[in-house]
A.B. asks: 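This is the structure, below, for whatever I ask next.
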2 protein chains.
Amino acid sequence: MTGPAATRDELSIVDALAQLSFLIHGTLERRASEHDLSIIQTRLLGVLRDRRPSMNELARLLGLDKSSVTGLVDRAERRGLVVRVPSTEDRRTVLVSLTDHGRSLVSQASAQFEADVSTLLDCLPPSDRDAIAGLVSRVLVAHAAARGVDLFATVGTQGSPTWP
Amino acid sequence: MTGPAATRDELSIVDALAQLSFLIHGTLERRASEHDLSIIQTRLLGVLRDRRPSMNELARLLGLDKSSVTGLVDRAERRGLVVRVPSTEDRRTVLVSLTDHGRSLVSQASAQFEADVSTLLDCLPPSDRDAIAGLVSRVLVAHAAARGVDLFATVGTQGSPTWP
DNA sequence: TATTGTTATACTCTATAACTATA
DNA sequence: TATAGTTATAGAGTATAACAATA
């Protein structure tokens, strides 16, 4: 209905992107678990790389209920990956900050994951890789624009990626 | 290290694919939850569309421990989405089969998800969509071949996609 | 009164280990 | 003895509702 069926050696665009997504998601899951991290724990550490948000802001950034974030941060704090710091401005507020250990862990996991994705693309010549990057960027920019977001304004000041 | 940094309006190939993966994964999650399905429940129903596997085979297909599959199938059966059928060949074996309700649910969720991904690509002209499909297919085929799998031999007889 | 965060509770998902029934 | 599946148990992750402390 939505497009041509797959031929002998090419998937439909929908199947191709769906399979690629599962492949990349699984790669991240595997790399994270080598450090005993789940995907959500990795995302938690990821968003803390260039932020020191309150529990409330964290809930919004991760798309979770605040009570879920309490448990998430509890477990990460118990492992020494993050610390809770009382805010000096509002005594109701708790800020969450990465420890050196947490930063080291997320840096390793990210670097390995990026290497995995790079390796996955080794079968393509550089010109084809650039072509994919350009086309996918257009899709992402259009999608972000459709919800009133500038994709490039959301990247942290140090340029850390927005995906983990 | 692994490639050029992102420029003003284009992401690096790794960032682009990682973000796209999270976007597509989130889309599937949202669509599934409209039918009160988790991603793993959707995958369960998906693999049953053209198979009637034993619990053991199901565990292998989903990459889960057999005890996890017991609970998964319990909950799906309680909702009337699947049924357990005793095997006539081996009285230890239990086969799992989709009910009409389960089939209807997974068909709706899949169709909506495919439409979502199609919509996401509306910003590209058909020639660019074909280009992405071709390039991504090459990546997936190369990856499958590297682990000794023929990507196109794994698709079910009715051609249902392998991703859900 | 409104907001921030935690607690209590319940459910899904996952794995390991022990168990039952069958081969 | 080996295999198929379930049960017991433990823990992560999630949400809703009720709560305490602060604004």
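Each chain gets a letter, A, B and so on, in the order the sequences are listed, and its residues count up from 1. The figures that follow rest on heavy atoms only: side chains count, while hydrogens, waters and symmetry mates do not.
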A.B. asks: Where does the chain A footprint on DNA chain D start and end, counting 5' to 3' with a 4.0 Å heavy-atom cut-off?
C.D. replies: D:dA12 to D:dA23
A.B. asks: Name all residues meeting the side chain to side chain donor-acceptor pair (under 3.5 Å) criterion together with B:Gln108; count only those two or more places apart in sequence or in a different chain, and write none if there are none.
C.D. replies: B:Ser104
A.B. asks: A:Glu89: what forms a salt bridge (Lys or Arg N to Asp or Glu O under 4.0 Å) with it, not counting sequence neighbours?
C.D. replies: none
A.B. asks: Which residue pairs satisfy the salt bridge (Lys or Arg N to Asp or Glu O under 4.0 Å) criterion with at least one member in residues 61-74 of chain B, sequence neighbours excluded?
C.D. replies: B:Asp74-B:Arg84
A.B. asks: Would you please name every residue forming a salt bridge (Lys or Arg N to Asp or Glu O under 4.0 Å) with B:Arg31, sequence neighbours left out?
C.D. replies: B:Glu34, B:Asp116
A.B. asks: Under 4.0 Å from OP1 or OP2 of C:dG5: is there any side-chain N or O of A:Asn56 that close?
C.D. replies: yes
A.B. asks: Please list, one pair per line, the donor and acceptor atoms closer than 3.5 Å that link side chains of residues 93-101 of chain A to other protein atoms, with sequence neighbours excluded.
C.D. replies:
from    : atom 1 : to       : atom 2 : distance (Å)
A:Thr99 : OG1    : A:Gly80  : O      : 2.7
A:Thr99 : OG1    : A:Leu81  : O      : 3.1
A:Thr99 : OG1    : A:His101 : N      : 3.4
A:Thr99 : OG1    : A:Gly102 : N      : 3.0

A.B. asks: Whole-Å distance between C:dA21 C1' and B:Met55 CE?
C.D. replies: 15 Å
A.B. asks: Got a sec, which residues hit ring-ring contact (aromatic ring centres under 6.0 Å, His included) with A:His25, two or more places apart in sequence or on another chain?
C.D. replies: B:Phe22, B:His25
A.B. asks: Test of understanding: with side chain to side chain donor-acceptor pair (under 3.5 Å), list the residues that count as partners of B:Asn56, not counting sequence neighbours.
C.D. replies: none
A.B. asks: Restricting to salt bridge (Lys or Arg N to Asp or Glu O under 4.0 Å), what partner residues turn up for A:Asp122, sequence neighbours left out?
C.D. replies: none
A.B. asks: Roughly how far, to the nearest 0.5 Å, is the CD1 atom of A:Ile132 from the CG atom of A:Asp128?
C.D. replies: 7.0 Å
A.B. asks: With sequence neighbours left out, what residues match A:Glu57 under salt bridge (Lys or Arg N to Asp or Glu O under 4.0 Å)?
C.D. replies: none
A.B. asks: Got a list of protein N/O to nucleotides 11-18 of chain C N/O distances below 3.5 Å?
C.D. replies:
from   : atom 1 : to      : atom 2 : distance (Å)
C:dC13 : OP1    : B:Ser38 : OG     : 2.3
C:dC13 : OP2    : B:Gln41 : NE2    : 3.1
C:dC13 : OP2    : B:Arg75 : NE     : 2.7
C:dC13 : OP2    : B:Arg75 : NH2    : 3.2
C:dA15 : OP2    : B:Asp65 : N      : 2.9
C:dA15 : OP2    : B:Ser68 : OG     : 2.7
C:dT16 : O4     : B:Ser67 : OG     : 2.7

A.B. asks: Which parts of residues 87-94 of chain B get close to DNA chain C, meaning a heavy atom less than 4.0 angstrom away?
C.D. replies: B:Asp90, B:Arg91, B:Arg92
